[in-house]
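Structure first, commentary second.
Computed from a prediction, not measured in an experiment: that's the story for all the values here.
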Amino acid sequence: LISAFIVFLPSLQIRQSAAVMLRMRVKKHWKKISLDHRERSKYFEYILFILGTLSQSLKYPCLFQVGLLLLSKVVESNPEPFKPHYRQLLQLFGTVLQDLDNPTAMYYCILTLTAMTAYTGTEEMNLMRALIPRLIIALKHLIKADQGQASDAMEVFDELMESEVSIIVPHIAEIVHFCLEVRTELLLIIFLVSDVFCALCLLQTVLKQKLLNPILQTVFPVLSAAPPPGEEDPEDEENGDEGDTDNESPKHFAAQVIDTMALHMPPEKLFQQLMPLTQVCLASENPYERKAGLMCMAVLAEGCADHIRTKLLSSMLQTVCQSLSDNNQVVRSAGLFALGQFSEHLQPEVSKYCAELMPLLLGYMSALNQAKIGHITKAFYALENFMENLGSEIEPYLPTLMETMLSALSNAENLKLKELAVSAIGAIANAAKEKLVPYFPPVIESLKGFLTDTRDEMRALQTQALDTLSVLARTIGKDVFSPLAAECVQLGLNLTNAIDDPDLRRCTYSLFSAVSTVSPDCLSPHLTAITTIMLLSLKSTEGVTVSLTDTSGLSKKNNTIKLPSIRPSAMQKLLGVVLPSFLEAVRGERERQVVMGVLEAMNAVLKACQGEALQSPGRLQEISQAIRDTVCQDGGGDEADDDEQQAEYDAMLQEFAGEGIPLLASAVPADTFQPHLNELLPLIMNKAKSSCTVADRSFSVGTLGEILQSLVSVSGGRACAGKLSNRLLPVLVAGVRDSDSEVRNNSVFGLGALAQAAGPLVAQDYPMMLSLFSNLLSKEQDRRVIDNLCAALCRMIMSHMEGVPLEQVLSAFSCMGFYAGPMPNTRCL
């Protein structure tokens, strides 16, 4: 009856009211409609008939708008049952999007298109693709009519990139130019889709169509813009706490665009156009432009780590150090953030600058109570990341550091400052280990005070105190911590019983784990209580959200898999569930970080289970194929430029996959694995070319060496290594002559592994290898390479003593300062 009112009553007001009523009733009662009616979409077909009829007439534009509103709500509520009508809808939308004088109709049309996108099939692809130019034109007109509606409508691009990026790619140039023309924030979010493969595909298209420079020219003014008069950027506000700040700002998005580009673009291509803009900002008199230059360098650190480490680290660090003495605190804060990023992502090379950086950071620590807490937070971030990797080199700075931290724990009024100091003590402990013993008593007294104060405002500080206590348990030494072990267990139980907080429970479990490594007997009386609360946590859904996109919290820590002793039949059943799940994720998951985590877990299973993991028919083939598909994928660049157009993030993913090859080689007889190895080797060897990055070359020769070492211990390994020698020797020899010490180191290891695996089968190559090593020894400065050279010679002696002139080699050992540390050296002696 309501539908009849919409079509046939002459009163416009009544027809509109009837349409609104129908929309509300459909939305409210949709789930009450019988499944049969929903599947057949009778109501939808009637609405579509109405719209089709009205679209042919200009008499009822308002009624047509209400019909489209109703359509958008119905499709949004449950898009999938309407798939049979998608072609009709897309044809209708093609007409609606050309009616530029009716922005409301275009708006509801785009909302419906957004809801449909995730369910679009291959049969609708061409129609969808043809709509993109009309969609862009419609959005331009919609922006002029209603910016609020235009902002909502632009989500259609997000949905297209999430679900059907192939529709977008042919039109990426039009979309980018549209964004540049209207100067909306869409450009700043277009590369932030969670699906990293989609982002990669778009970014490669950006390179091909020469859109990188126009995008950067738009991003940099946003990144370097000064806030309105009288205001500050959120991260620079007085007493601002980064954890409480909503960073969904244009400036935040601008930095993330560069971060995403760094992760997925070849560094050489990106730096060529990015660094001139960055240098202009750094030389500017405007502090916010200098801040922008530093923020740009900071977000490059993760994605372009190898490029920076090998070519730009010294100059970039010098710039950052200069910024720490800038007369503007906004610039100094950005410098501290950049230094924290460098310390996190550019290890171990950045630690070599300890003498220059530590005095600067300690200078900041001397004025903790006078600075803004947001600024001090960045200083602690930089200090912690830098200290954790110093090891014994932290010793000269330990008195000053601990005096500063203990003073903050005792005298600071700001709880956030105390929390930062407690966290820093954990970082110091990771580096100093037993050298922290003299400071242990006052640290423990402070931590006890925080942990027994159950006020709500102390919660964050308590959580951090538990984390640091766990670090101390693992690093300070068993003799020092054992007397406190029982008290710590009781303290953790008291906290979990008294306070219902998931973060606190997480840290308590970490503390129990740490205590178990120091004094396991202390846990015995409390095992029932501990396992009870842990089981309750495992069953709880508190804080658990299903997300296909957010992997920002994905951690690679504590990923070790320890399989208990179980029956072989049960083991096979378990592997039959786990490994297919891993393989499905590797094949189908689009988020790179997730794939890396899955590959790491699968490698751990292969390492723990060896041949047990490969007993199922076809499993060796499936795993080999998954590795092959991962190693050989590229970012879609031109074939001639593939070697130079690989992003470092791709190399990381391929390295995780490549680690599985030696594990497979060590798990089955060589004859069984050789057909799969023959398919994998060209992919690995291809990355040893001189035109490839240092990371690729190091990965290639390192993986070859690990494969050869795996063949030493398996049946048929010697014959297999002998067959491979002619193919692998040229690659490894070229690696020994490489300009990078890491590549030389891995190549020397590989030659030693080849000699050990093949034995007399490569005797004819011994003179060439010995001559190569002799030449290398005369000029090599890197101690790691020399140590591996010793080990390689020992492997040659053990495998085929007759081929080695022992007197000359022993004389060389003496010159090299030979020692019996590495296993091959010990066995050789």
request  = Step through the shown structure and confirm whether more than 12 heavy atoms of other residues, nucleotides or ligands are within 6.0 Å of NZ on Lys433.
outcome  = yes
| task | Evaluate side chain to side chain contact (heavy atoms under 4.5 Å, CB included) for Val586 paired with Leu583, printing each intermediate quantity in order. | result | CA-CA 5 Å; Val586 172; Leu583 292 168; 5.6 Å; no
Here the side-chain hydrogen bond (donor to acceptor under 3.5 Å, both in side chains) pairs for residues 335-346, sequence neighbours left out, are Gln341-Tyr381, Glu344-Tyr381
Heavy-atom check, side chain of Leu336 versus side chain of Leu361, under 4.5 Å: yes
ask   = Is the shortest heavy-atom distance from the side chain of Ile376 to the side chain of Asn414 under 4.5 Å?
value = no
Sorted by chain and residue number, the side chain to side chain contact (heavy atoms under 4.5 Å, CB included) partners of Ile258 (sequence neighbours excluded) come out as Val219, Phe220, Leu223, Leu274, Cys296, Val299, Leu300
- Message: Within the structure provided, determine whether Met405 and Tyr439 are in side-chain contact (heavy-atom separation under 4.5 Å).
- Response: no
For Ser407, is there any backbone N or O sitting under 3.5 Å from a side-chain donor or acceptor partner on Ser410?
no
Between Tyr397 and Ala355, the two heavy atoms sitting closest are OH-CA, 3.8 Å
Sorted by chain and number, sequence neighbours left out, side chain to side chain contact (heavy atoms under 4.5 Å, CB included) with Thr532 holds for Thr528, Leu536
Residues passing the side chain to side chain donor-acceptor pair (under 3.5 Å) test with Asp503, sequence neighbours excluded, are none
Note to self: For a side chain to side chain contact (heavy atoms under 4.5 Å, CB included) check, start with the C-alpha distance between Phe582 and Val605, then their side-chain angles and the critical distance, and finish with the verdict.
What the structure shows: CA-CA 10 Å; Phe582 286 164; Val605 171; 3.9 Å; yes
- Query: Under the 3.5 angstrom rule, does the side chain of Ser446 hit a backbone N or O of Pro442 as a donor-acceptor pair?
  - Reply: yes
Those residues at least two apart in sequence (or on a different chain) that pass side chain to side chain donor-acceptor pair (under 3.5 Å) with Ser423 are Glu384
Between the CZ atom in Phe450 and the CD atom in Gln464, the distance rounded to the nearest 0.5 Å is 11.0 Å
Within the 4.5 Å heavy-atom criterion, are Leu451 and Leu469 side-chain neighbours or not?
yes
The complete set of salt bridge (charged side-chain N to carboxylate O under 4.0 Å, His left out) pairs with one or both residues in residues 458-467, sequence neighbours excluded, reads Asp456-Arg459
Requested in this report: Check the pair Val443 / Val422 against side chain to side chain contact (heavy atoms under 4.5 Å, CB included), numbers first and verdict last.
Outcome: CA-CA 9 Å; Val443 169; Val422 170; over 6 Å; no
Scanning both residues in full, the closest heavy-atom pair of Leu357 with Cys321 reads CD2-SG, 3.1 Å
In short, salt bridge (charged side-chain N to carboxylate O under 4.0 Å, His left out) pairs touching residues 322-342 with sequence neighbours left out are Arg290-Asp326
Residue set satisfying side chain to side chain donor-acceptor pair (under 3.5 Å) with Glu487, at least two apart, ordered chain then number -> Lys448
Does the side chain of Met358 come within less than 4.5 Å of Leu383's, by heavy atoms? yes
With a cut-off of 6.0 Å (strictly less than), are more than 12 heavy atoms of other residues, nucleotides or ligands near CD of Glu584? no
Nearest heavy-atom contact between Gly335 and Leu324 is C-CD2, 3.7 Å
Here the gap from Ser581 atom OG to Met602 atom CE, rounded to the nearest 0.5 Å, amounts to 12.0 Å
Check: Counting distance only, does the side-chain N/O of Asn603 pair as donor-acceptor with the main-chain N or O of Phe656 below 3.5 Å?
Finding: yes
Practice item. Could you check if a side-chain atom of Ser513 sits within less than 4.5 angstrom of a side-chain atom of Arg474, using non-hydrogen atoms only? Key: yes
Tightest non-hydrogen contact, residues Ala421 and Ala408, listed as CB-CB, 3.9 Å
>> Treating Ser333 as the side-chain partner and Val330 as the backbone partner, does any N or O pair qualify as donor plus acceptor under 3.5 Å?
In response: no
Exercise for the section: Assess the side chains of Gln256 and Thr260: does a donor N or O sit below 3.5 Å from an acceptor N or O? Expected result: no
Test log, rule side chain to side chain contact (heavy atoms under 4.5 Å, CB included), inputs Met387 and Leu401
CA-CA 10 Å; Met387 287 190 306; Leu401 282 169; 3.6 Å; yes
Should Leu504 and Leu466 count as side-chain neighbours, where that means a heavy-atom distance under 4.5 Å?
yes
Residue set satisfying salt bridge (charged side-chain N to carboxylate O under 4.0 Å, His left out) with Glu349, at least two apart, ordered chain then number -> Arg309
Closest heavy-atom pair, Ala695 versus Asp306, reported as atoms and distance to 0.1 Å, is CB-OD2, 3.0 Å
Practice prompt. Return yes if some donor-acceptor pair links the side-chain N/O of Ser482 with the main-chain N/O of Ser519 below 3.5 Å, else return no.
Written response: no
Shortest non-hydrogen pair, Leu294 vs Ala338, comes out as O-CB, 3.9 Å
Q. Is there side-chain contact between Gln318 and Glu356, with heavy atoms separated by less than 4.5 Å?
A. no
Hey, is CD on Glu403 packed in by over 12 heavy atoms from elsewhere, all under 6.0 Å?
no
Rounded to the nearest 0.5 Å, the CE atom of Met297 sits from the CZ atom of Phe337 at a distance of 12.0 Å
Might you confirm whether atom CD of Glu434 has over 12 heavy atoms from other residues, nucleotides or ligands at distances under 6.0 Å?
-> yes
CD (Glu302) and CZ (Phe342) are apart, to the nearest 0.5 Å, by 13.0 Å
Distance col, row Leu461:CG vs Leu409:CG, nearest 0.5 angstrom, shows 8.5 Å
Contacts of Asp521 meeting salt bridge (charged side-chain N to carboxylate O under 4.0 Å, His left out) (sequence neighbours excluded), chain-then-number -> none
Value for CD1 (Ile425) from CG (Leu420), rounded to nearest 0.5 Å, stands at 11.5 Å
Side chain to side chain donor-acceptor pair (under 3.5 Å) filter on Glu289, not counting sequence neighbours, yields Ser284
Applying salt bridge (charged side-chain N to carboxylate O under 4.0 Å, His left out) to Asp259 and not counting sequence neighbours gives none
